[in-house]
Amino acid sequence: MSLKKQLFSPRTGLIICLFSPFLLSADYLKGCTSRDKESEGATYSCVTVPRSMVFCGDTIDLTRYDRHERMDRELMAFSYMHSTSLQTIKRANRYFPIIEPILKENGIPDDFKYLMAIESAANPLARSAVGAAGLWQFMPVTGKEFGLEVNDFVDERYHVEKSTVAACKYLKQAYGRFGDWISVAASYNAGQGRIKKQKENQYTNETLDLYLVEETARYVYRILAVKMLFANPQTFGFKLKSSDLYPPIPCRTVKVKENITDLARFAKSQGISYAILKSMNPWLRSTSLHCKKGKEYTLLILDKNSMNYNPLVIIPHDRRWVIE
């Protein structure tokens with residue numbers, strides 16, 4: 001099985017639902033015009049495609065007709081899949097502060113947080129119909145390959161920090177093979193072997209010039225589009241307030257080395273519900289925890305004093321996301 005099939009098989013179920021606006025008909029989008037003074041009364045409008053964008057320090061020229069139109073397609077898609085785009089920004093306020101330092105510590109460009117955003121809509125519970133799971137959408141075999149524990153009791157693909165470290169390992173490995181981050185990003189969708197083979201077969205080292213299956217051909221442009229979304233949601237028509245964002249959740253930690261035979265009873269002993277315990281620790285996949293010999297697990301326990309939602313104290317991770 002190719003890495004593509006192991007790690008990122010063609011999207012069905014969840015992801016088809018996530019990107020269903022890509023299937024909008026031409027008639028639906030016919031009324032699009034540039035978002036400027038002339039389009040104030042338009043029913044639909046389009047974000048202007050920039051002449052170029054920077055990804056991981058490299059400038060990507062978007063003036064050529066094919067690149068311009070591919071970018072335009074993704075910008076329209078993120079403009080009109082309203083609930084997913086909005087939820088991605090809301091969740092990012094909780095998870096970007098965790099992910100960004102891990103990327104930096106591992107020498108991965110910050111722009112790869114946008115790859116995570118298109119993979120899972122910044123949802124650590126995301127799971128595709130083919131079994132890819134977590135923020136970074138690892139398949140079980142590949143998760144294990146990059147150091148994640150995956151079994152009936154523990155599935156660290158759903159662990160925010162550990163899955164991000166595993167993603168960094170993959171990205172660093174791919175960079176060692178290709179030497180450029182655009183190829184690395186494309187390989188996250190198609191697999192390293194496929195990108196390498198297509199470069200050889202098509203006599204080019206420019207990944208964006210490769211003729212690829214549609215999903216992979218669109219992949220980097222999706223990352224660029226979501227980067228633009230996070231840079232200025234208002235341009236896409238999204239006007240969020242600070243109180244709309246999802247805040248980090250205050251928790252204390254409990255270290256565990258011994259088996260827990262009844263997680264519901266354990267949760268009760270910690271003063272929280274079983275549902276809350278599972279919500280804070282989605283990597284727990286059963287009603288009990290069987291600890292690997294010599295391994296310590298860290299459980300997040302919700303702080304009861306900060307359990308209630310307080311929109312008055314929510315601080316945006318990035319002020320560009322909000323209108324106030």
Please assess Glu214 against Arg73 for the test salt bridge (Lys or Arg N to Asp or Glu O under 4.0 Å), listing each intermediate value before the final yes or no.
CA-CA 12 Å; Glu214 183 179 22; Arg73 180 183 186 182; 2.8 Å; yes
Heavy-atom nearest pair, Arg157 first then Pro140, reads NH1-CD, 3.3 Å
Taking only Lys NZ, Arg NE, NH1 and NH2, and the carboxylate oxygens of Asp or Glu, determine whether Glu258 and Lys292 approach each other closer than 4.0 Å.
no
Heavy-atom side-chain proximity of Pro50 to Met228 below 4.5 angstrom
yes
Nearest heavy atoms of Asp209 and Gln202, plus distance in Å
O-OE1, 4.3 Å
Of all the heavy-atom pairs spanning His159 and Lys162, show the shortest one and how long it is.
ND1-N, 3.2 Å
Quick one: closest heavy-atom pair of Leu103 and Pro109, and the distance?
CD1-O, 4.2 Å
Heavy-atom nearest pair, Leu135 first then Ser120, reads O-OG, 2.8 Å
Under the side-chain hydrogen bond (donor to acceptor under 3.5 Å, both in side chains) rule, what do Ser85 and Tyr80 come out as? Steps first, then yes or no, please.
CA-CA 8 Å; Ser85 295; Tyr80 294 105; over 6 Å; no
Check step by step if salt bridge (Lys or Arg N to Asp or Glu O under 4.0 Å) holds for Asp61 and Arg51.
CA-CA 6 Å; Asp61 184 356; Arg51 294 184 60 81; over 6 Å; no
Would a hydrophobic clustering, with Ile, Leu, Val, Met, Phe, Trp and Tyr connected at side-chain separations under 4.5 Å, put Leu240 with Met81?
yes
salt_bridge(Lys239, Asp244) N-O dist < 4.0 Å:
no
Interatomic distance, OG1@Thr298 vs CG@Asn281, rounded to 0.5 Å, equals 9.5 Å
Same cluster or not: are Ile314 and Leu302 linked, directly or through other Ile, Leu, Val, Met, Phe, Trp or Tyr residues, by side-chain heavy atoms under 4.5 angstrom apart?
no
Would a single hydrophobic cluster contain both Ile272 and Val254, if residues Ile, Leu, Val, Met, Phe, Trp and Tyr are joined by side-chain heavy-atom contacts under 4.5 Å?
yes
What are the two closest non-hydrogen atoms of His317 and Pro97, and how far apart are they?
ND1-CG, 3.4 Å
Quick one: do the Gln87 and Arg91 side chains pair a donor with an acceptor below 3.5 Å?
yes
For a quick check under 3.5 Å, do Ser183 and Lys199 share a side-chain donor-acceptor pair by atom type?
yes
Tell me whether Asp110 is salt-bridged to Lys113, with the criterion being a basic N under 4.0 Å from an acidic carboxylate O.
yes
Check for a donor-acceptor pair, side chain of Asn259 on one end and backbone N or O of Cys291 on the other, with a separation under 3.5 Å.
yes
Cation-pi check, Arg285 to Tyr158: give yes when NZ or CZ is under 6.0 Å from the six-membered ring centre and within 45° of the ring axis, no otherwise.
yes
Note: Arg252-Asp303 ion pair, threshold 4.0 Å (strictly below):
no
Side-chain ion pair, Glu149 and Lys295, N-O less than 4.0 Å
yes
Indicate yes or no: does Glu74 engage Arg70 in a salt bridge with an N to O separation below 4.0 Å.
no
Given Tyr114 and Glu119, is the side-chain hydrogen bond (donor to acceptor under 3.5 Å, both in side chains) satisfied, shown in steps?
CA-CA 9 Å; Tyr114 303 119; Glu119 281 290 330; over 6 Å; no
We want to know whether Ser187 and Tyr170 form a side-chain donor-acceptor pair, criterion being a heavy-atom distance below 3.5 angstrom.
yes
